[in-house]
Amino acid sequence: MKTSSKGLAGLIDLPVITDPRGDLTFVEGCNHVPFDIARVYFLYNVPVDAERGGHAHRELRQVIFALSGSFRVSVDNGQTREEYWLRDPRKGILVERMIWREMDAFSQGAVCMVLASHPYDEGDYIRDHSTFLKEVSGS
Ligand code: T46
């Protein structure tokens, strides 16, 4: 697994096979990402002024990629906030549990792919920032 971390999000670098027909990138759960992939979802047709995310997950771990175009992901652990720009389909960010995330600045036609460690469960979401701050600080 090629993962590095310089901050709140892990950086995932997927392999690429290049030949005259173009590039091929692949991803295997528990190999290129540090969990079994239970769900994959896509965000597309996103208006350039849209803001997505605005929540944290109690258990869910995810890796976020920009398959096409670019967008910004802001992550926050309750103490520190960092921004990452995704624009290369081979490079993703690992967002661990109990990290608040916001996504914006989508380019025209951007496509976001997310690999998730669990099936969808609305009960795993914390959609209120003050609740997040209380839970992440353990109070
Ligand atoms: C995240 C960011 C990066 C489902 O029914 N199944 C699903 O798998 C997902 C992801 C969503 N939904 C429903 C729940 C809502 O009624 O789709 C609706 C929109 O979801 P939400 O407002 O949470 O979408 P985003 O783009 O703000 O957040 C999504 C993920 O939910 C979230 O886990 O980290 O993308």
Side-chain angles (χ1 to χ4, degrees):
M1 188 186 315
K2 207 167 172 189
T3 308
S4 60
S5 181
K6 65 176 177 64
L8 294 183
L11 306 179
I12 305 274
D13 213 347
L14 296 180
V16 59
I17 312 276
T18 298
D19 69 27
R21 299 169 298 167
D23 294 341
L24 185 154
T25 282
F26 52 95
V27 53
E28 298 171 353
C30 295
N31 182 2
H32 306 107
V33 297
F35 50 78
D36 257 335
I37 299 167
R39 177 167 51 111
V40 179
Y41 61 91
F42 306 91
L43 305 176
Y44 52 99
N45 294 334
V46 180
V48 294
D49 58 352
E51 296 176 1
R52 304 208 60 127
H55 53 253
H57 288 279
R58 295 183 175 92
E59 294 300 329
L60 190 71
R61 307 171 73 197
Q62 303 194 103
V63 181
I64 304 175
F65 296 92
L67 289 192
S68 184
S70 61
F71 53 86
R72 174 170 55 195
V73 184
S74 303
V75 292
D76 161 13
N77 66 357
Q79 295 185 317
T80 308
R81 183 181 170 93
E82 294 177 353
E83 291 184 355
Y84 296 81
W85 284 91
L86 292 179
R87 52 172 67 89
D88 180 336
R90 288 197 303 119
K91 294 183 189 298
I93 58 168
L94 170 65
V95 181
E96 291 285 5
R97 47 178 76 92
M98 293 308 284
I99 297 284
W100 188 266
R101 82 288 317 267
E102 294 169 359
M103 303 159 70
D104 67 357
F106 288 85
S107 66
Q108 190 75 46
V111 178
C112 167
M113 177 183 75
V114 183
L115 308 178
S117 63
H118 291 78
Y120 174 71
D121 173 12
E122 185 59 36
D124 185 60
Y125 285 72
I126 305 172
R127 293 191 184 270
D128 175 68
H129 196 254
S130 56
T131 303
F132 165 69
L133 291 177
K134 277 185 204 148
E135 290 198 21
V136 80
S137 68
S139 61

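For the single chain, residues carry numbers from 1 onward in sequence order. In each ligand, atom 1 is the first atom listed, and ligand 1 is the first ligand listed.
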Query - Heavy-atom neighbours of Tyr41 OH exceed 12 at 6.0 Å - result: yes
Report task. Classify the angle between the aromatic ring planes of Trp100 and His129 as parallel (below 30°), tilted (30 to 60°) or perpendicular (above 60°). Result ->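 Plane angle over 60°, so perpendicular.
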- Please check if any side-chain donor atom of Trp85 sits under 3.5 Å from a side-chain acceptor atom of Glu83, or the reverse. no
Val111 reachable from Leu14 in the ILVMFWY side-chain graph, under 4.5 Å edges
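Yes.
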Q. Hey, are Arg58 and Asp124 close enough for a salt bridge, meaning a charged N less than 4.0 Å from a carboxylate O?
A.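 Asp124 and Arg58: not salt-bridged.
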message = Is it the case that the side chain of Ser70 and the backbone of Ser107 share a donor-acceptor pair, with hydrogens and angles ignored and the cut-off at 3.5 Å?
response =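 No, because the side chain of Ser70 does not come within donor-acceptor range (under 3.5 Å) of the backbone of Ser107.
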What does the list of residues with a heavy atom under 4.0 Å from ligand 1 look like, ordered by chain and number?
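Protein residues near ligand 1 are Arg39, Tyr41, Leu43, Arg52, Gly53, His55, His57, Gln62, Arg101, Met103, Tyr120, Tyr125, Arg127.
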